[in-house]
Structures are given as C-alpha cells and as structure tokens.
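Okay, structure first, notes after.
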Amino acid sequence: MLQVQFIRQNKALVLERLALKNFRELGVVDEVLDLDDRRKKLTQEYDDTQARVKSSSKEIGKLMSQGSQEEAEKLKAEVATLKERLAPINEELNATEKLLLETIVKLPNLPAAIVPAGKTPEDNVEVRQGGAKPELYAGAVPHWDLVKKYNLIDFELGNKITGSGFPVYTNKGARLQRALQNYFLDFNTAAGYIEHQPPLLVNEDSAFGTGQLPDKEGQMYFATEDKYYLIPTSEVPLTNIYRDDIVKESDLPIKLTGYTPCFRREAGSYGKDVRGLNRLHQFDKVEIVQLVHPDKSFEILDEMVAHVEKLVASLGLHYRILRLCGGDMGFASAITYDFEVYSAAQQKWLEVSSVSNFESYQTNRMKIRYKDGNGKTQLVHSLNGSSLAFPRILACILENNQTAEGINLPEVLHSYAGFDKIA
RNA sequence: GGUGAGGUGCCUGAGUGGCCGAAAGGACCGGUUUGCUAAACCGGCGUACGGGUCAAACUGUACCGAGGGUUCGAAUCCCUCCCUCACCGCCA
C-alpha cells in the first residue's frame with residue numbers, strides 16, 4: 001500500500017499517477033488524508049490522557065506505601081474520571097485506524113514515470129521482439145490436438161477427477177513438465193537465486209502482504225476449515241518469507257526462486273482463450289523474487305527482464321516484450337513487462353511471464369525493511385517475475401516444433417527430458 | 001486427535017502486581033589497549049505511532065504470542081484463541 005506520508009507530501013503527483021492507472025475514485029486520496037489527520041489528533045489526545053493516568057497511578061502506589069489512604073482514594077477517583085474519558089477516545093481511535101487501513105488499501109500502486117498511458121492491452125508498448133517466427137508445415141495443428149495425438153495430456157481425465165482446468169499430464173508430457181521445472185530452476189539458481197520450496201497454502205496475513213487480499217478473494221481457492229488460501233503464485237509465499245523482518249542492508253539484494261503449482265479460480269473466463277493449456281485452474285510455474293535496495297529496483301528490474309529474456313530465447317521461441325500501459329497493469333505494480341511467445345498454430349501471442357517492480361507497495365504491507373547508514377528504518381523494494389509459467393511455454397514448444405514426423409524438443413531440454421523427440 | 005509443558009528483545013535466559021521496555025550472558029556496532037589470524041576493558045544496541053527539530057537532541061504512548069478482562073496500577077492474575085515442544089494415538 002502507499003505511504004500516507006508520501007501521499008501527504010506529493011498529493012498532486014499521486015492524483016496524476018492514479019489517473020494514469022485509470023483509478024477513478026480520486027476522492028479516496030482526501031479521505032485517507034482526513035482519516036490520518038483524525039488519527040493523529042486522537043492519538044495525541046489518548047496519549048496525553050493515558051500519561052496522566054500513569055503518573056497518577058504511580059503516585060497512588062507511593063501514597064499507599066506511606067499510609068496516606070485518604071489521599072490515595074482521592075487520586076483513585078480522579079483516575080477513574082480520566083479513564084471514563086479514555087474509553088471512548090480509544091474506541092474512536094481504533095475505528096479510525098481500521099477505516100484508514102481499509103481506505104488506503106483501495107489505492108493501487110502508482111505507475112512509474114515510463115509507464116505508457118492507456119486502458120487496454122492494445123495500449124501496451126512493444127519494447128522488442130526476439131527469436132525467429134516459426135514456419136509450420138502444412139499439417140500443423142494446435143497443441144490440444146497434439147497432446148491427444150501423442151498422449152501427453154488428458155484434459156477429459158482431469159475433468160473426471162476434478163473439473164475443467166485441471167489437466168492430467170501423462171507419459172512424455174509428464175516427463176516434459178519435470179524437465180521444464182529442473183531446467184528453469186537450474187537457470188535461476190545459476191544466476192544467484194536461492195531455491196525454495198514454499199507451502200502451497202498460505203494464511204490471511206500472507207495473502208494480504210502481497211496484495212491478493214482484500215478484494216481478490218474470488219481469485220483464490222480457500223480452505224474454509226483452516227482459513228488457508230491456495231497460492232495463485234509462489235510470489236505469495238516467497239515474498240512473505242521476509243514479512244515483518246528488518247534485514248541487513250548488506251544482505252540486499254535477496255534473490256529467491258521456487259517452483260510451485262499455482263491455483264487460480266479465474267471465475268468468469270470462457271471461450272477459445274481458455275482452450276487447451278491457454279488458461280488453467282492449476283498450472284505450474286517457476287518464480288523469481290527479489291528484495292532490493294530502493295535505489296536499485298529499476299536497475300534490477302532490467303536485469304530480471306534480461307534474465308527471463310535469455311531463458312525464453314534459449315527455448316528457441318519467438319517472443320516479444322511489452323511494457324504494460326497504466327490500465328493493464330496489476331494493482332500492486334509500479335511497472336510491469338509482459339513476455340509473450342508466439343503460437344504459430346493458434347496464430348496468437350500467449351503471455352508466459354510478467355516481470356514487475358512493486359517498489360515499496362508490497363513491502364509496506366509486509367513491513368520488510370532495512371536499516372540505512374543513518375540507522376533509519378526504510379522499506380526495501382520487491383520485484384518478481386515468472387521464470388517461467390509452464391503451460392503456454394509447453395503449448396508453444398509443442399506447436400512450433402511439430403513436423404510430420406513428430407515434435408522436436410529444443411536442445412536445452414534434451415538432457416532434462418531424457419529424449420529429444422516426441423513421435 | 002489425547003495428555004502435559006511452554007510462548008519474554010537478534011539468540012540464550014531471569015523476572016508472579018508498582019522500583020520492568022524489561023536482569024544477565026552471547027551476538028552485533030563504536031572506541032581504548034595489548035606486537036601478533038585473537039583477547040581484555042569501556043560505551044552503544046528493539047519496534048510502531050505521536051510531539052519536537054532544518055536535521056538531531058529530547059519527549060509522550062503502546063508493545064513481553066494475539067485478543068479481551070480484573071485492578072488506581074499487569075510481562076506478572078483471569079478468560080478465549082493461536083502457536084511451539086514432549087509423550088501417546090494415527091499416518092505419507
């Protein structure tokens with residue numbers, strides 16, 4: 001969430017940036033400031049009164065030990081009066097703080113200066129393309145036909161066991177998943193990311209920390225009995241590792257990577273966009289997360305983009321990198337680059353990675369800080385990116401490398417998969 | 001799931017109603033000193049939200065798992081919840 005202090009000092013900028021993100025309820029900004037004023041005033045009042053209660057209480061103790069019962073009783077009566085005043089102040093203060101929090105979390109992060117204006121994906125700016133556009137042979141088909149033909153994925157079986165969007169990977173399809181996992185993780189750890197295997201269910205605090213709560217409950221599966229959320233991405237448990245911590249400045253940057261299944265309800269999605277592997281309720285992803293010094297986050301964002309680009313390129317896929325416009329960015333992000341790979345058989349671009357700088361938006365929620373040279377506590381910046389999400393990568397690998405004789409795997413996967421061709 | 005014990009600062013650990021934001025030791029930071037890959041000594045060393053200040057200094061309040069209660073006063077007493085550990089049960 002945004003910092004009140006920052007909003008107070010940069011109100012005009014905040015309003016302008018929020019508008020770029022197509023955030024309409026600009027009145028929320030004033031609400032936040034009013035509530036914060038009120039909070040301060042009540043805090044002052046409460047603290048002053050409480051200070052008097054405390055000093056009187058000490059006095060009472062002294063009087064009693066001196067045997068001055070009468071004096072003590074008089075003071076007790078005074079304290080009782082003060083405490084009567086204290087209760088309603090405290091109640092109002094708590095209510096105000098709660099409302100302030102509920103209000104300020106409605107504000108999305110401010111888009112960075114270089115974020116393009118716009119409302120829809122059409123307004124995203126293409127930064128660059130890479131890889132060769134695949135030429136398919138005449139008999140080429142989409143991946144949902146290929147996986148059937150070669151027995152790689154059974155969607156119907158997933159329907160039977162669970163429901164739609166929960167595919168069963170079989171034979172070389174399953175093995176390929178395992179290959180992707182190992183390849184991606186090795187690629188990330190080679191770049192200094194520390195591998196983690198986090199829980200797949202998280203508590204409410206964690207879901208709040210990365211910005212899934214409030215408001216996005218509907219996107220997550222929820223285990224009601226224990227009040228745990230199934231993670232929509234490993235970003236959630238990975239970033240929350242450092243929740244409420246003050247890390248050493250010298251420990252930055254902290255680089256994490258992890259493989260997990262991801263669970264998304266994706267309520268309301270339908271049609272050709274969700275065909276085959278294009279959109280699933282359960283899918284696999286390797287994530288990279290960094291916690292960094294605030295002065296470095298944009299530099300590191302570029303590094304992370306370059307890192308993911310190398311990975312995508314190594315798979316021989318035709319890709320493009322988009323800088324998302326204000327309207328298409330996530331709620332918590334200050335700037336996001338999307339990676340899309342080209343599916344020749346579907347003749348469309350498929351998003352496979354999203355790399356974002358959240359600046360202090362998440363860390364302010366999670367209270368992830370470091371001490372600067374002056375001993376002052378500062379928020380670190382958080383970033384993350386997919387490196388990579390499996391299903392669409394898999395779809396493109398299958399589709400783009402199909403021949404009349406079978407599917408040729410990208411060379412980097414040969415040793416991981418244990419085979420180089422699906423036939 | 002059952003029974004028992006317990007949750008105190010970065011760590012260990014003392015503290016059963018006022019003198020406790022909290023002993024002591026360790027770690028860490030700064031300094032002094034000793035001619036040796038280190039020791040000794042001195043000092044510092046929580047967080048949050050206010051006030052104050054150019055910034056500090058300084059200062060108020062809260063926090064000893066969380067929330068509530070008793071009391072003039074709570075780390076200390078009571079209640080609820082959460083968590084940890086041990087043993088038993090069950091089990092990958």
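In what follows, chains are A, B, ... by sequence order, proteins preceding strands, each numbered from 1. Reckoned from all heavy atoms, side chains included, excluding hydrogens, waters and symmetry mates.
The backbone N or O of A:E359 sits nowhere less than 3.5 Å from a side-chain atom of A:N109 that would complete a donor-acceptor pair. In this structure, the side chain of A:Q402 engages the main chain of A:V141 through a donor-acceptor pair within 3.5 Å. Remark: side-chain polar atoms of A:T257 are paired, donor with acceptor, to backbone N or O of A:E287 under 3.5 angstrom.
At whole-Å resolution of the value, CD in A:E97 and C1' in B:rA48 are 10 Å apart. Regarding A:I89, its CD1 atom lies at a distance of 17 Å from the P atom of B:rG50, rounded to whole Å. Straight-line distance from the CD atom of A:E78 to the P atom of B:rU71: 19 Å, rounded to whole Å. As a whole-Å value, the separation of A:L100 CG from B:rA48 C1' is 14 Å. Rounded to an integer number of Å, the gap from NZ of A:K248 to P of B:rA27 is 14 Å. Rounded to whole angstrom, the span from the NZ atom of A:K62 across to the C1' atom of B:rC72 amounts to 14 Å. Rounded to an integer number of Å, the gap from CD of A:E71 to P of B:rC72 is 18 Å. In this entry the distance linking CG of A:D245 with P of B:rC10 reads 10 Å, nearest Å.
Between the side chains of A:Y228 and A:E204, no donor-acceptor pair is found at a separation under 3.5 Å. In summary, the side chains of A:T363 and A:R369 do not present any donor paired with an acceptor at a separation below 3.5 Å, with no hydrogens or angles considered. A:N278 and A:R275 are not linked by any side-chain donor-acceptor pair at a separation below 3.5 angstrom, with hydrogens and angles left out of the test.
With both pairing distances under 3.5 Å, B:rU80 is matched to B:rA66 as a Watson-Crick or G-U wobble pair. With both pairing distances under 3.5 Å, B:rG30 is matched to B:rC42 as a Watson-Crick or G-U wobble pair. The partner of B:rA92 is absent, by the rule that a Watson-Crick or G-U pair needs both atom distances under 3.5 Å. With both pairing distances under 3.5 Å, B:rG9 is matched to nothing as a Watson-Crick or G-U wobble pair. Across all strands shown, B:rA48 pairs with B:rU61; the Watson-Crick or G-U wobble distances both stay below 3.5 Å. Across all strands shown, B:rG17 has no partner, as no Watson-Crick or G-U wobble contact with both distances under 3.5 Å is found. Base pairing of B:rU3: its partner is B:rA86, meeting the Watson-Crick or G-U wobble criterion (both donor-acceptor distances under 3.5 Å). B:rA56 makes up no base pair with any nucleotide shown, lacking Watson-Crick or G-U wobble contacts both under 3.5 Å.
Annotation: B:rU59 and B:rC72 have their P atoms spaced 30 Å apart (nearest Å). B:rG69 and B:rU8 are spaced 24 Å apart, taking the P atom of each and rounding to whole Å. Of the C1' atoms belonging to B:rC28 and B:rC45, the separation is 8 Å, rounded to the nearest Å. As rounded to the nearest Å, B:rA5 and B:rA92 have C1' atoms that lie 28 Å from one another. On the P atoms, B:rG60 is 48 Å away from B:rU3, given to the nearest whole Å. Using atom P as the reference point in both B:rG25 and B:rG31, the two lie 22 Å apart (nearest Å). Taking atom C1' in both B:rG9 and B:rG46, the straight-line distance is 6 Å, to the nearest Å. Across the P atoms, B:rG15 and B:rG73 are found 26 Å apart, a figure rounded to whole Å.
Side chains of A:F6 and A:L13 form a contact here, defined as non-hydrogen atoms less than 4.5 Å apart. Side chains of A:Q69 and A:K74 form no contact here, defined as non-hydrogen atoms less than 4.5 Å apart.
The residue A:K376 sits close only to the backbone: its heavy atoms come under 4.0 Å of sugar-phosphate atoms, none of a base.
Distance from the side chain of A:D36 is smallest for B:rG50 among the nucleotides B:rC83, B:rG73, B:rG50.
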Listed pairs, N/O of protein and of nucleotides 60-66 of chain B, under 3.5 Å:
| unit_1 | atom_1 | unit_2 | atom_2 | d |
| --- | --- | --- | --- | --- |
| B:rG60 | N2 | A:D47 | OD2 | 2.7 |
| B:rU61 | O2' | A:D47 | OD1 | 3.1 |
| B:rA62 | OP1 | A:Q50 | NE2 | 2.9 |
| B:rA62 | OP2 | A:K54 | NZ | 3.0 |

Listing time: all N or O pairs from protein to nucleotides 15-19 of chain B that are below 3.5 Å?
| unit_1 | atom_1 | unit_2 | atom_2 | d |
| --- | --- | --- | --- | --- |
| B:rG18 | N2 | A:S57 | O | 2.7 |

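Taking both residues in full, the closest heavy atoms of A:S314 and A:L311 are given as OG-O, 2.6 Å, listed atom of the first, atom of the second, then distance.
Rounding to the nearest 0.5 angstrom, the gap separating the CD atom in A:Q3 from the CD atom in A:Q9 is 10.0 Å.
For the pair A:R369 and A:N94, both in contact range of RNA chain B, the more 5′-proximal nearest nucleotide belongs to A:R369. Nearest-nucleotide positions on RNA chain B place A:T377 closer to the 5' end than the other of A:T377 and A:A80.
Salt-bridge formation is detected for the pair A:K11/A:D30: a Lys NZ or Arg NE/NH1/NH2 atom is positioned less than 4.0 Å from an Asp or Glu carboxylate oxygen.
Counted within 6.0 Å of NZ on A:K421, heavy atoms from surrounding residues, nucleotides or ligands total more than 12; the atom is thus considered enclosed.
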